[in-house]
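Report on the structure given below.
The chain is numbered in sequence order, starting from 1.
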Amino acid sequence: MPSYPKPFYARPSPYTRRSTTLILCLLIGIAGFVFGFVAISRQSLGYKCRNGKPRSVSVVWERGAGGGNGNGDQKRHKVMGFVGIQTGFGSVGRRRSLRQTWVPSDRQGLQRLEEATGLAFRFVIGRTNDKAKMSELRQEVAEYDDFMLLDIEEEYSKLPYKTLAFFKAAYTLFDSEFYVKADDDIYLRPDRLSLLLAKERSHSQTYLGCMKKGPVFTDPKLKWYEPLAFLLGKEYFLHAYGPIYALSADVVASLGALRNNSFRMFSNEDVTIGAWMLAMNVNHEDNRRLCEPECTSSSIAVWDIPKCSGLCNPEKKLLELHQKESCSKSPTLESDD
């Protein structure tokens, strides 16, 4: 530690020396406290020195029945489409594979992709009481800066609540024509998704996805068991598969106006969104290119339908698909030949 120059006093009294020492110690202590507080605060927020503004954002919602945003009057970022990649604390390996394939692993890459496609991408995750997992997440946020952090418990049984929180947060932060919910176990072509979203539509309220119907599961032992099956009958209404679907801005604006406890939540997130769409005057736009089992010259999203609700063994399959020319190197548009 560098030595401080000692002030010269003629015949200094013991009282003067003690007062000077106490004041100096107090100033050093205050400076140390402020420095430590700032350092800890930045670390807890996943802060990392970068050129430009951080891209990750933490969204805190007001407690209670309402859905108000606790972030103040932040200016909304203008994009054509916002893609929220839904992920969890057990999906570190999936995110690693995604960053080696269709999701850029650096800030500049994300910016270039946004400029080329008009689409912004963020991993969307909630919170946990596990301090070790939260610490690991903060480190990942600081390293990659590609997250949207929601103030909601990250738990599979609460996916409908997380999905609603995601759409509300996305609408608050991004001025977008479409808001896309995507899972972290699909292979996506952002360039083709961009063209699909940019298509002119006569209906301002659009629910875009790979539409399906199917039996309602009433057996509690099954993965897709629906406790509220008695309200649904034997078959589900038309709704989009969960791995990827998109809602237009007008639809998300209506969802954002909802009080958090005003709409019914079913067990499955895709069914919940589909039920809400029935209550709105939306156009159900079915597009099978969002649920292709193999890469083709026109596929947008690839996953192992119907074997898995995404890619089976996604960490490995994502890397394998990316090595195929038909997946990663084929032209955006189909050839006219």
**Study point:** With Thr332 via side chain to side chain contact (heavy atoms under 4.5 Å, CB included) - residues at least two apart
**Key:** Arg189, Asp191, Arg192, Leu195
Exercise for review: Could you tell me whether Glu140 and Arg99 make a salt bridge, using a distance below 4.0 angstrom between a side-chain N and a carboxylate O?
Suggested key: yes
Check your understanding: Taking the side chain as C-beta and beyond, is there a heavy-atom pair between Trp102 and Pro190 under 4.5 Å?
Key -> yes
Exercise for review: Name all residues meeting the side chain to side chain contact (heavy atoms under 4.5 Å, CB included) criterion together with Lys324; count only those two or more places apart in sequence or in a different chain, and write none if there are none.
Suggested key: Glu294, Leu321, Ser326, Cys327
Point to revise | Check ion pair Glu154-Lys133 (N to O, under 4.0 angstrom) | key: no
Review point. Quick check: are there more than 12 heavy atoms from other residues, nucleotides or ligands sitting under 6.0 Å from NZ of Lys316?
Key: no
Point to revise | Minimum heavy-atom distance Asp183-Gly242, with the two atoms named | key: OD2-O, 3.8 Å
Practice item. Using the six-membered ring wherever Trp is involved, compare the ring planes of Tyr241 and Trp303 and label them parallel, tilted or perpendicular (cut-offs 30° and 60°). Key: perpendicular
Check your understanding: Parallel, tilted or perpendicular for His284 and Tyr207, by the 30°/60° rule?
Key -> perpendicular
Check your understanding: Under 4.5 Å between side-chain heavy atoms, hopping through other hydrophobics if needed: is there a path connecting Val252 to Phe174?
Key -> yes
Exercise for review: Group every Ile, Leu, Val, Met, Phe, Trp and Tyr by side-chain heavy-atom contacts under 4.5 Å, then state whether Tyr187 and Leu319 land in the same group.
Suggested key: no
Point to revise | Asp270 bridged to Lys212 by N-O distance under 4.0 Å | key: yes
**Study point:** 4.5 Å side-chain heavy-atom contact, Ile244 and Val180
**Key:** yes
Check your understanding: Do Glu226 and Tyr236 have side chains that get closer than 4.5 Å, going by heavy atoms?
Key -> yes
**Study point:** From Cys291 atom SG to Ile300 atom CD1, the distance as rounded to the nearest 0.5 Å
**Key:** 10.0 Å
Practice item. Take Arg95 and Asp146 through the test side chain to side chain contact (heavy atoms under 4.5 Å, CB included) and record every step on the way to the result. Key: CA-CA 11 Å; Arg95 294 193 293 275; Asp146 55 3; over 6 Å; no
Practice item. I would like to know whether Met277 and His239 meet side chain to side chain contact (heavy atoms under 4.5 Å, CB included); could you show each step before the answer? Key: CA-CA 8 Å; Met277 295 303 101; His239 64 284; over 6 Å; no
Practice item. Look at the aromatic rings of Tyr245 and Phe167 and report parallel, tilted or perpendicular, splitting at 30° and 60°. Key: tilted
Practice item. Measure the spacing between CG of Leu188 and CG of Leu318 and express it to the nearest 0.5 Å. Key: 10.5 Å
Review point. Is NZ or CZ of Arg76 both nearer than 6.0 Å to the six-membered ring centre of Tyr171 and within 45° of the ring axis?
Key: yes
Check your understanding: Does any non-hydrogen side-chain atom of Leu98 lie less than 4.5 Å from one of Phe123?
Key -> yes
